[in-house]
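This report concerns only the one structure given below.
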2 protein chains.
Amino acid sequence: MRTEQDWNCQDPEQRKVWAAATSEALRVLEGKWKTVIICQLFAAHGPLRFSELERRVDGVNQKMLIQQLKQLEKDGIIMRTVYPEVPPRVEYSLSSLGVALGPAMEALIDWALLRRAGMNGD
Amino acid sequence: MRTEQDWNCQDPEQRKVWAAATSEALRVLEGKWKTVIICQLFAAHGPLRFSELERRVDGVNQKMLIQQLKQLEKDGIIMRTVYPEVPPRVEYSLSSLGVALGPAMEALIDWALLRRAGMNGD
DNA sequence: CAGTATCCAGCTTGATACTG
DNA sequence: CAGTATCAAGCTGGATACTG
């Protein structure tokens, strides 16, 4: 599944394809709470209820959480399952595309921590 | 340099640290042209002049390019070098923190291409 | 060449109140 | 419990014109 892209490629068009693809990818992850939601879903190793996400995503309000969840669902990163019960139960989980984000998220976490370390110590 | 973070960690506080770190990291990369600029700098394997970036970053206008470059510089990802010549020459290159973004960018590109494939074929 | 300055439309976020 | 609705402030992106 590796795409064999590498920075040594001399084809300007190919480089633009990567740049555009990365741009699109990042646009899907943009939004103040999306990465937090995704991280929490990874950490949970399973579906989370709306109320559980509300507790785990520090500082988010209902409207924003719902909005971000809807966008993530539309973009195919998470799945929403409704259980026809009273009171209502709705669970959110990572789709296969969401799970495939794992390596990128981990690389991002590594970089984020490196960045933090540089900002303090260095 | 690996941080040994893994999704199995059961400490909720630790998970919040990652989520917050990732959020910060992504915020630094947000902005319509930043990933394109970064990709082009990686692909160039060396510094690029302002005008060269303007050519390579498809569709950007001067104001936006400068704004994004300034932010990337402020956030420590790129470096700006001014050569006291006439006409003026300014070169932009990745800092060590910028270079450290490599693995994350590659993982993101892989995911972006996987996502595209899924959207067409699937 | 590599910027700066101005102006503006539209999107994003958030507070607050209400509902099946 | 898991949403929807409304309103407003602030930020983002972009077109355009000017400058050392």
Side-chain angles (χ1 to χ4, degrees), chain A residues 19-20 22-38 40-41 44 46-75 77-93, chain B residues 19-20 22-41 44 46-75 77-94:
Chain A
T22 314
S23 246
E24 281 169 34
L26 232 58
R27 263 187 136 51
V28 160
L29 300 179
E30 275 174 22
K32 190 161 176 185
W33 307 99
K34 289 190 189 170
T35 48
V36 183
I37 293 168
I38 292 169
Q40 292 296 340
L41 283 174
L48 287 176
R49 298 184 60 158
F50 181 82
S51 52
E52 185 58 25
L53 278 167
E54 211 172 352
R55 281 200 313 100
R56 296 196 188 201
V57 178
D58 246 22
V60 75
N61 64 29
Q62 273 195 330
K63 182 200 145 192
M64 285 311 298
L65 183 53
I66 287 169
Q67 181 196 99
Q68 306 273 293
L69 287 169
K70 273 190 180 164
Q71 291 178 11
L72 286 172
E73 190 193 1
K74 175 175 72 60
D75 288 326
I77 294 172
I78 65 173
M79 290 178 309
R80 178 174 178 271
T81 312
V82 182
Y83 295 87
E85 305 173 357
V86 182
R89 179 159 62 108
V90 179
E91 289 187 344
Y92 294 89
S93 55
Chain B
T22 314
S23 245
E24 282 170 33
L26 232 60
R27 266 188 134 49
V28 160
L29 301 179
E30 276 174 21
K32 189 162 176 183
W33 308 99
K34 289 189 189 170
T35 48
V36 183
I37 293 170
I38 293 169
C39 279
Q40 292 295 340
L41 283 174
L48 287 176
R49 298 184 60 159
F50 182 82
S51 50
E52 185 57 26
L53 278 167
E54 212 173 352
R55 281 201 313 99
R56 297 196 188 202
V57 179
D58 246 22
V60 76
N61 64 28
Q62 272 194 332
K63 182 201 147 191
M64 284 312 298
L65 182 54
I66 287 169
Q67 181 196 100
Q68 307 273 293
L69 287 169
K70 274 190 180 163
Q71 290 177 12
L72 286 171
E73 191 194 1
K74 176 176 70 61
D75 288 326
I77 294 172
I78 65 174
M79 290 179 310
R80 179 173 178 271
T81 312
V82 183
Y83 295 88
E85 307 172 358
V86 181
R89 178 160 62 107
V90 179
E91 288 187 345
Y92 293 89
S93 55
L94 292 167

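Proteins get letters first, then strands, A, B, ... in listed order; numbering begins at 1 in each.
- A heavy-atom distance below 4.5 Å is found between the side chains of B:Ile38 and B:Leu29.
- Between B:Asp58 and B:Val36, every side-chain heavy-atom pair lies at or beyond the 4.5 Å cut-off.
- Between its two ends, the helix from C:dC1-D:dG20 to C:dG20-D:dC1 turns its axis by 50°, counting five pairs per end and rounding to 10 degrees.
- Atom CD in A:Glu52 sits roughly 13 Å away from atom C1' in D:dC1 (whole-Å rounding).
- Separating the CD atom of A:Glu91 from the P atom of D:dA2 is a distance of 9 Å, rounded to the nearest angstrom.
- In this entry the distance linking CZ of B:Phe50 with P of C:dA2 reads 7 Å, nearest Å.
- Panel note: side chain A:Gln68, backbone A:Trp33; a donor-acceptor pair is recorded below 3.5 Å.
- Inter-residue side-chain proximity for B:Arg27 and A:Glu30 is flagged as unmet; no heavy-atom pair is nearer than 4.5 Å.
- B:Leu72 places a side-chain heavy atom less than 4.5 Å from the side chain of B:Lys34.
- Between D:dA2 and A:Arg49, a contact under 4.0 Å exists linking OP1 or OP2 to a side-chain N or O.
- Between C:dG3 and B:Arg80, a contact under 4.0 Å exists linking OP1 or OP2 to a side-chain N or O.
- Nucleotide D:dT12 holds its P atom 16 Å from the CG atom of B:Leu69, rounded to whole Å.
- Annotation: side chain of A:Leu53 is in contact with side chain of A:Leu65 (closest heavy-atom distance under 4.5 Å).
- In this structure, OH of A:Tyr83 is placed 12 Å from P of D:dA2, rounded to the nearest angstrom.
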Item to check | Contact pattern, 5' to 3', of nucleotides 4-20 of chain C - B, S or - by protein heavy atom under 4.0 Å | outcome: B-B------BBB----B
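- One atom, CG of B:Leu65, and another, P of C:dC1, lie 14 Å apart when rounded to the nearest Å.
- There is a side-chain donor-acceptor pair under 3.5 Å between A:Ser23 and B:Thr35.
- Within the 4.5 Å cutoff, no side-chain heavy atoms of A:Gln62 are placed close to those of A:Met64.
- The phosphate of D:dG3 (OP1 or OP2) has a side-chain N or O of A:Tyr92 nearer than 4.0 angstrom.
- Using a 4.0 Å cut-off between a side-chain N of Lys or Arg and a carboxylate O of Asp or Glu, B:Arg55 and B:Glu52 qualify as a salt bridge.
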